[in-house]
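Written out below as structure tokens is the structure these notes cover.
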Amino acid sequence: MLTDLHVGQYFTNMIKLSWKKLIIFAIIIGIYTGIVAMLPFLKDTSFQDISISFERWILIGLLIILNSESPKDSALKCFIFFLISQPIVYLVQIPFSSMGFKLFVYYKYWFIWTILTLPMGYIGYYIKKDNFLSLLVLLPMLIFDGTHLYYFVTKLIYAFPRYLYSTLFCLIALFVYVNYIFKNKKVRLLGNIICIIICITAITLGYKYRHTYNVILKFSSEELYFDDTYDVSFSDDQYGPVDIELYDLGDEKVYIINATFIKSGKTTMILKNDQHQYTFDLIIYDNTYELKLLEK
């Protein structure tokens with residue numbers, strides 16, 4: 001029955017993954033990923049995660065494996081798919097990047113993973129056997145997806161609602177993989193228990209080790225002098241602590257404004273003492289910021 005959570009299996013059985021379809025799909029997904037990676041309005045959102053992390057590629061790899069006819073077929077199709085798609089991601093971006101072909105310095109990391117798809121695709125084929133050994137074969141992929149869930153939880157807490165899509169994708173994918181791949185009820189039950197454990201662990205660790213961003217916002221200078229007689233604060237303290245410290249540059253010491261951001265967003269920073277007050281407009285991103293002096 002379709003209602004028995006086997007929609008994914010019916011869907012994959014309907015796909016006849018010929019080499020022609022595989023190559024066309026690799027080209028399309030490579031072009032799509034390259035374009036998405038360049039769009040400025042998608043910066044620091046879930047939509048660009050496909051160009052950075054693995055959670056979507058795990059899904060694609062599993063679809064290839066499930067539609068392969070043998071371990072050898074699975075290994076070769078996984079390898080060829082990634083061998084085609086990953087370079088295209090960079091080739092699409094080269095005409096629009098100041099780095100030009102130097103962008104391929106980032107491909108080395110993905111090429112290593114491309115090589116690894118040969119043994120992973122070969123071994124991964126055995127998840128189709130629908131037994132406890134199949135679950136053991138799938139387990140590293142579940143754990144790998146769980147590490148991505150942990151990462152996105154840390155980012156989601158920092159920048160809610162951004163990264164909500166990627167967080168839900170990883171969480172839902174864990175249970176989809178187990179319930180769509182396995183018909184054996186005992187294997188599926190154990191798989192779901194493992195998924196629950198992975199989710200609880202990832203979410204707990206993600207909350208405990210949430211993303212933070214430590215940065216020096218200002219150095220004391222002739223244009224903007226301040227020292228320990230000044231106080232500094234944000235208009236909203238939910239963004240984290242900020243203070244003035246004496247910083248050792250080696251040959252001299254200088255006062256700095258140091259902040260640890262625990263949340264992205266927009267706020268106001270006020271620097272003042274008895275004689276002077278400076279107000280700054282502050283926009284906080286994932287790993288950067290914009291600080292603009294508004295008034296003295």
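All values derive from a computational prediction rather than experimental measurement. Reckoned from all heavy atoms, side chains included, excluding hydrogens, waters and symmetry mates.
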Fill in: 4.5 Å side-chain heavy-atom contact, L42 and V36
yes

With sequence neighbours left out, the residues meeting salt bridge (Lys or Arg N to Asp or Glu O under 4.0 Å) with R162 are D286

With sequence neighbours left out, the residues meeting side chain to side chain donor-acceptor pair (under 3.5 Å) with N192 are N179

Show which side-chain atoms of residues 76-96 pair as donor or acceptor with protein atoms under 3.5 Å away, not counting sequence neighbours.
from: K77; atom 1: NZ; to: L17; atom 2: O; distance (Å): 2.6
from: K77; atom 1: NZ; to: D73; atom 2: OD2; distance (Å): 3.2
from: S85; atom 1: OG; to: F81; atom 2: O; distance (Å): 2.9
from: Y90; atom 1: OH; to: Y106; atom 2: O; distance (Å): 3.3
from: Q93; atom 1: NE2; to: V89; atom 2: O; distance (Å): 3.0

Y285 backbone acceptor or donor facing T288 side chain under 3.5 Å
no

**Prompt:** Can you find a heavy atom in the side chain of I244 that is under 4.5 Å from one in the side chain of D231?
**Reply:** no

* Please say whether the positively charged group of R56, taken as NZ for Lys or CZ for Arg, lies over the ring of F169, i.e. under 6.0 angstrom from the six-membered ring centre and within 45 degrees of the axis. => yes

Closest non-hydrogen atoms of G146 and L174, given as atom of the first, atom of the second and distance, are N-CD2, 4.5 Å

May I ask you to test the H276-Y225 pair for a side-chain heavy-atom distance under 4.5 Å? no

Exercise. Please state whether the rings of H148 and F54 are parallel, tilted or perpendicular, taking 30° and 60° as the class boundaries.
Key: perpendicular

For W113 and M120, the nearest pair of non-hydrogen atoms, with its separation, is CE3-CE, 4.0 Å

Exercise. State, yes or no, whether a side-chain contact exists between L171 and I203 at a heavy-atom distance under 4.5 Å.
Key: yes

